[in-house]
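Beneath this line is the structure, given in structure tokens, with notes to follow.
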Amino acid sequence: SWEIDNFPQEAFIEFSELEISDSVKSEIIRSRIRSGIDLEKDFPLRVALYLDSKNQNSFLSIQLHHSCGDGRSVLYLCNQLFRYYSGSVD
């Protein structure tokens with residue numbers, strides 16, 4: 001386990017394995033949007049990888065507080081993610 005600025009890894013990276021239907025996926029996304037990020041007690045970045053144990057699919061959820069990313073940095077992050085994903089499926 002490791003820490004960033006006294007936040008344990010578990011504070012912003014979550015791994016879950018479950019059976020994910022489209023309705024469950026939608027509810028997870030809505031729940032994460034509603035929860036928001038409180039900078040007084042939360043790390044400004046949350047990453048969750050959900051693995052569908054039944055269909056062997058996955059989806060990645062990334063929440064970034066608006067004060068921690070501008071258009072250029074978010075675009076860079078998205079481009080890198082797409083690049084790595086494309087490399088893994090080729």
Side-chain angles (χ1 to χ4, degrees):
S1 184
W2 44 272
E3 294 186 358
I4 296 177
D5 294 334
N6 298 320
F7 283 93
Q9 162 195 352
E10 294 79 17
F12 60 96
I13 298 178
E14 172 188 338
F15 298 97
S16 298
E17 185 169 346
L18 35 99
E19 290 188 20
I20 303 172
S21 66
D22 287 340
S23 62
V24 169
K25 189 185 302 183
S26 295
E27 184 51 40
I28 290 170
I29 292 168
R30 278 193 295 275
S31 172
R32 293 183 72 82
I33 290 169
R34 284 191 300 262
S35 68
I37 296 176
D38 180 356
L39 293 178
E40 292 290 321
K41 59 183 179 180
D42 296 329
F43 196 75
L45 172 68
R46 288 188 198 143
V47 178
L49 177 62
Y50 297 93
L51 304 173
D52 184 340
S53 57
K54 181 178 180 183
N55 299 314
Q56 297 184 354
N57 294 325
S58 59
F59 79 93
L60 180 67
S61 167
I62 300 174
Q63 281 179 283
L64 177 67
H65 192 273
H66 67 91
S67 66
C68 297
D70 60 7
R72 178 177 262 165
S73 61
V74 171
L75 179 62
Y76 178 79
L77 173 64
C78 290
N79 285 335
Q80 291 300 307
L81 287 170
F82 290 134
R83 191 175 126 232
Y84 291 129
Y85 178 77
S86 296
S88 70
V89 296
D90 286 345

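Computed from heavy atoms alone, side chains included, the values below leave out hydrogens, waters and symmetry copies.
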Please check if the number of heavy atoms outside Phe59 that lie under 6.0 Å from its CZ is greater than 12. yes

Heavy-atom check, side chain of Pro44 versus side chain of Gln63, under 4.5 Å: no

Which residue, Leu77, Leu64, Ile37, forms the side chain to side chain contact (heavy atoms under 4.5 Å, CB included) with Leu45? Leu64

What is the distance from atom CG of Asp38 to atom OG of Ser35, rounded to the nearest 0.5 Å? 10.5 Å

State whether the side chain of Ser86 and the backbone N or O of Phe82 hold a donor-acceptor pair below 3.5 Å, judged by distance alone. yes

Give the cluster check for Leu49 versus Phe43: same hydrophobic cluster or not, with ILVMFWY residues linked at side-chain heavy-atom distances below 4.5 Å. yes

How many angstroms lie between CD1 in Ile29 and CZ in Arg34, if you round to the nearest 0.5 Å? 11.5 Å

Crowded around Arg72 CZ? As in, over 12 foreign heavy atoms under 6.0 Å? no

Exercise: do Ser61 and Arg46 side chains pair donor with acceptor under 3.5 Å: no

Given the rule that I, L, V, M, F, W and Y join up when any side-chain heavy atoms are under 4.5 Å apart, are Val47 and Tyr76 in one cluster? no

Strictly below 4.0 Å, N to O, side chains only: are Glu27 and Arg32 in salt-bridge contact? no

